[in-house]
Amino acid sequence: MKRILPFFVAVLAAGCGTDVSGPSSSLLSCVFGDVTQVGLGEVVQVRGVEHQVVCLEGPADGTFLYMPFHASADSAADLDVSVTGAGLAALAGPADATLEPATLAAGLRPGLTLDHGFHSRLRQREIRELEPRIRPAVGTPVALDVMGAAVGAEVPAVGELRDFNVAISCSDIDLRTGEVMYVSDHAVVYADTANPADLSGSDFEYFAATFDTLVYPVETAHFGAPTDIDGNGRSILFFTQAVNEMNPPESESVTIGFFWSGDLFPETGTQRLEACPESNHSEMFYLITPDPQGVAGVPFSLESVRDLAIPLIGHEFQHLINASRRLFVNEASVFEAPWLNEGLSHAAEELLYYEVSGLRSGRNLTLDAVLSVPGRGDSIFNRYMGSNINNFAKFLSRPDTASLMGPPDALTTRGAAWHFLRYATDRSPANDSSFFFDVVNGTTAGVENLNSVLGAGQALDWMQDWTVAVYADDLLPEIDARFEVLSWNLREIYPQLSADEQPLGRYPIDVTLLENGQTVSIGLGVGGTTFNRFDVTADGRAILHVESDGRAPPSRLRGSFLRVQ
């Protein structure tokens with residue numbers, strides 16, 4: 001197995017004043033100015049006007065990374081940045097190349113991808129349509145026992161029929177009849193009586209048992225127990241061709257299931273919640289059903305449903321827990337921000353991976369560790385971690401158009417949000433379960449929620465540090481611990497993954513090359529960053545001149561400078 005040769009890092013920087021009109025005068029002032037000496041493995045970070053002009057000095061062929069970071073939580077506040085280098089050396093050697101990430105989509109035929117955008121749009125719709133129905137807290141949360149079931153639960157019996165509204169709406173109706181096929185300690189499995197193909201009794205038992213023994217214990221230990229508003233003591237798994245119908249035969253991306261927070265709302269208004277008249281008033285998931293002949297849409301075999309359903313249920317169960325505890329336990333008045341909500345559900349998939357594989361967080365896992373898991377370690381990794389690895393690779397390959405906070409329906413956002421949460425969990429003094437519980441059980445949303453967990457004003461600071469970790473982790477052995485991701489060695493894993501049967505060969509990060517005297521324009525969404533490489537002349541000084549809309553950088557623009565060679 002190939003090993004990445006380490007580089008040592010040193011950054012030499014100094015502010016040279018802001019009373020300059022452009023790169024040329026900035027360079028002149030830096031030639032006669034003082035330069036701050038920074039030791040190996042250190043990172044220089046500046047804010048706002050502090051990095052309108054940054055002076056750097058290094059040995060021959062010294063290589064640096066500049067990572068601007070848009071430190072804002074205002075989703076409409078895009079930032080245009082221009083960077084001009086002066087006194088830069090000709091670049092020696094190529095930058096990290098943009099590469100097509102590997103495809104790890106278990107259970108899907110070639111050419112199909114999962115339509116994660118549907119889920120993000122559903123989360124946004126919940127905020128738009130359901131949040132206004134939440135009334136101020138009344139101090140009377142749902143009565144729960146230690147396992148999260150309502151007192152006096154009524155358990156459905158096998159063979160019972162129930163009509164479900166699959167319209168995902170408080171006003172529209174599309175009724176499908178479900179029959180109880182299996183009841184376990186924490187699940188009631190229903191099958192749509194109109195499904196095009198039958199699952200066997202052992203299949204229903206498999207899904208219920210896996211929910212009971214894997215999904216439920218792992219996620220309630222980290223996020224808390226769900227509520228039980230319908231009094232059955234369980235979550236409903238509804239296998240229905242209504243989900244299949246969302247995927248016409250010509251679809252290239254498919255939806256395989258979802259959770260809808262509207263089902264937690266009452267059909268008649270209460271002191272806490274306004275009515276959602278067509279709600280199913282249950283904790284439930286809608287799941288794709290086998291359809292090998294493609295009667296209802298894109299064909300799905302039994303094997304593909306078995307591969308896809310459990311990670312999906314794990315993903316959606318976080319959404320269910322998050323929403324139900326906000327509404328009935330923690331009495332929040334808002335749902336979680338979509339980017340953080342989806343990031344938490346992708347973290348749930350990772351937690352399931354640790355449980356199934358027997359591996360643990362904080363171990364800087366390599367591909368050897370992944371493949372050494374008994375029982376097809378590659379398949380287990382693909383099944384539970386495939387979407388995270390793919391989505392983060394997509395972020396790495398296009399950081400200029402993405403960030404961990406948006407666009408909210410982009411796979412790049414999901415990948416970045418998952419990776420940031422893993423970074424934050426590794427960095428936090430709390431263990432995984434305590435950290436995730438605190439985030440999921442917040443009463444505010446997004447950055448404000450993270451600040452309540454990390455400390456006032458800390459979320460954006462940690463995000464800026466994370467941008468450095470994205471590049472530096474497992475590359476620079478002397479780097480400060482706050483720029484490391486302790487659980488995964490992705491610089492070792494990615495080069496050995498493949499796309500179209502060809503190894504990637506590199507960490508798939510897109511790096512912009514800064515050349516002497518040329519200006520690079522950068523557009524940053526909130527939480528956005530880019531990776532910009534430049535070399536310093538031998539025994540000389542170089543500067544970066546940074547502006548926003550022709551003016552000194554605002555306080556919400558921050559910069560990190562890292563020497564990588």
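Reckoned from all heavy atoms, side chains included, excluding hydrogens, waters and symmetry mates.
- The closest side-chain heavy-atom distance from D192 to T177 is not below 4.5 Å.
- Counted by atom type alone, D230 and H281 present zero donor-acceptor pairs between their side chains at under 3.5 Å.
- When every heavy atom of F259 is checked against every heavy atom of L122, the shortest pair comes out as O-CD2, 3.2 Å.
- Atom-to-atom distance recorded for R125:CZ and L130:CG is 8.0 Å, nearest 0.5 angstrom.
- H119 meets the ring pair (Phe, Tyr, Trp, His ring centres under 6.0 Å) test with no other residue; sequence neighbours excluded.
- Residues T443 and N330 bring no donor and acceptor atom of their side chains to less than 3.5 Å of each other.
- Put simply, the side chain of E131 never gets that close to the backbone of V334: no donor and acceptor are under 3.5 Å apart.
- F258 has its ring centre less than 6.0 Å from the ring centre of F118.
- Between the S304 side chain and the F300 main chain, no donor and acceptor come within less than 3.5 Å of each other.
- With hydrogens and angles disregarded, no donor-acceptor distance shorter than 3.5 Å links the side chain of N382 to the backbone of G386.
- For the 3.5 Å distance criterion, the side chains of S200 and D203 qualify, holding a donor opposite an acceptor.
- Sparse packing is recorded around CD of E448, with 12 or fewer heavy atoms of other residues, nucleotides or ligands lying under 6.0 Å away.
- If you check the side chains of E349 and Y353, you find no donor sitting under 3.5 Å from an acceptor.
- Distance check, rounded to the nearest 0.5 Å: CG of L486 to CG of D473 gives 7.5 Å.
- To the nearest 0.5 Å, atom CG of residue N195 and atom OG1 of residue T240 are 5.5 Å apart.
- A cation-pi geometry, defined here as NZ or CZ lying under 6.0 Å from the six-membered ring centre and within 45° of its normal, does not hold between R123 and F335.
- Counting heavy atoms from C-beta outward, M284 and Y190 have side chains that stay 4.5 Å or more apart.
- Between the side chains of N364 and D474, at least one donor N or O lies within less than 3.5 Å of an accepting N or O.
- Residues P290 and A197 come closest through the heavy atom pair O-CB, 3.4 Å.
- At distances below 3.5 Å, not a single donor-acceptor pair connects side-chain atoms of R162 with backbone N or O atoms of P156.
- With contacts defined as side-chain heavy-atom distances shorter than 4.5 Å, the pair L273/R133 does not qualify.
- Side-chain contact between R414 and S120: present, with at least one pair of heavy atoms (C-beta onward) separated by less than 4.5 Å.
- Of all non-hydrogen atoms in S333 and I134, the two that sit nearest each other are O-CD1, 3.8 Å.
- The CZ atom of F238 sits 6.0 Å away from the CZ atom of F164 when rounded to the nearest 0.5 Å.
- A donor-acceptor contact closer than 3.5 angstrom links the side chains of N341 and Q318.
- The closest side-chain donor-acceptor pair between S345 and E316, if any, does not fall under 3.5 angstrom.
- Taking a cutoff of 4.0 Å between a charged side-chain nitrogen and a carboxylate oxygen, E245 and R176 qualify as a salt bridge.
- Judged by distance alone, with hydrogens and angles left aside, the side-chain atoms of D115 form no donor-acceptor pair with the main-chain N or O of S253 at under 3.5 Å.
- Inspection of the S361 and D432 side chains reveals an N or O donor paired with an N or O acceptor under 3.5 Å.
- Formation of a donor-acceptor pair under 3.5 Å by the S433 side chain with backbone atoms of H222 is not found in this model.
- Under the 6.0 Å cut-off for aromatic ring centres, F317 and F211 qualify, their centroids lying closer than that.
- A side-chain donor-acceptor contact under 3.5 Å links N244 to the backbone of T289.
- With respect to R398 and D510, no salt bridge is recorded, no charged nitrogen being found less than 4.0 Å from a carboxylate O.
- For CZ of R363, the number of neighbouring non-hydrogen atoms (other residues, nucleotides, ligands) closer than 6.0 Å is 12 at most.
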List the steps and the verdict of side chain to side chain contact (heavy atoms under 4.5 Å, CB included) for I310 and R383.
CA-CA 9 Å; I310 297 302; R383 189 179 191 189; 4.0 Å; yes

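- Remark: side-chain polar atoms of S279 are paired, donor with acceptor, to backbone N or O of G262 under 3.5 angstrom.
- Between the CE atom of M385 and the CG atom of N390 there is a distance of 10.5 Å, given to the nearest 0.5 Å.
- Centroid-to-centroid, the aromatic rings of H419 and F392 come within less than 6.0 Å.
- Between the side chains of N431 and S434, a donor-acceptor pair is found at a separation under 3.5 Å.
- Taken to the nearest 0.5 Å, the OG atom of S324 stands 8.5 Å off from the CD1 atom of I229.
- When side chains are defined from C-beta on, V470 counts as touching L396, because their heavy atoms get closer than 4.5 Å.
- A donor and an acceptor atom, one from each side chain of H186 and R234, are nowhere located under 3.5 Å apart.
- There is no side-chain donor-acceptor pair under 3.5 Å between S282 and D263.
- Judged purely by distance below 3.5 Å, without hydrogens or angles, the side chains of S261 and E126 pair a donor atom with an acceptor atom.
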Evaluate the side chain to side chain contact (heavy atoms under 4.5 Å, CB included) criterion for residues V189 and I236: first the C-alpha distance (whole Å), next the side-chain angles of each, then the deciding distance (0.1 Å), finally the verdict.
CA-CA 6 Å; V189 183; I236 292 172; over 6 Å; no

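- Under a cutoff of 6.0 Å and an axis angle of 45°, R422 and W488 do not form a cation-pi pair.
- In terms of heavy-atom proximity, T413 sits nearest to S403 at OG1-O, 3.3 Å.
- Q496 places a side-chain N or O within donor-acceptor distance of the main-chain N or O of E492, the cut-off being under 3.5 Å.
- Looking at H315 and E342, their side chains do bring a donor and an acceptor atom within 3.5 Å of each other.
- Residues forming a ring pair (Phe, Tyr, Trp, His ring centres under 6.0 Å) with F265 (at least two apart in sequence, or on another chain): none.
- A donor-acceptor contact shorter than 3.5 Å is absent between the side chain of D426 and the backbone of V485.
- The shortest non-hydrogen separation linking P248 to V298 is O-CG2, 3.2 Å.
- Counting only N and O atoms by type, the side chains of N489 and Y494 include no donor and acceptor under 3.5 Å apart.
- F395 has its ring centre no less than 6.0 Å from the ring centre of W339.
- Taking all atoms of both residues into account, the shortest heavy-atom contact from N449 to G442 is OD1-CA, 3.5 Å.
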Run the numbers on L237 and V188 for side chain to side chain contact (heavy atoms under 4.5 Å, CB included), then give the verdict.
CA-CA 6 Å; L237 283 58; V188 181; over 6 Å; no

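- No side-chain heavy atom of I288 sits under 4.5 Å from any side-chain heavy atom of Q241.
- Between F207 and F239, the two ring planes are tilted [angle within 30° to 60°].
- Using a 4.5 Å heavy-atom cutoff, the side chains of V243 and L287 are not in contact.
- Taking the side chain as every heavy atom from C-beta outward, R272 and E331 approach each other to under 4.5 Å.
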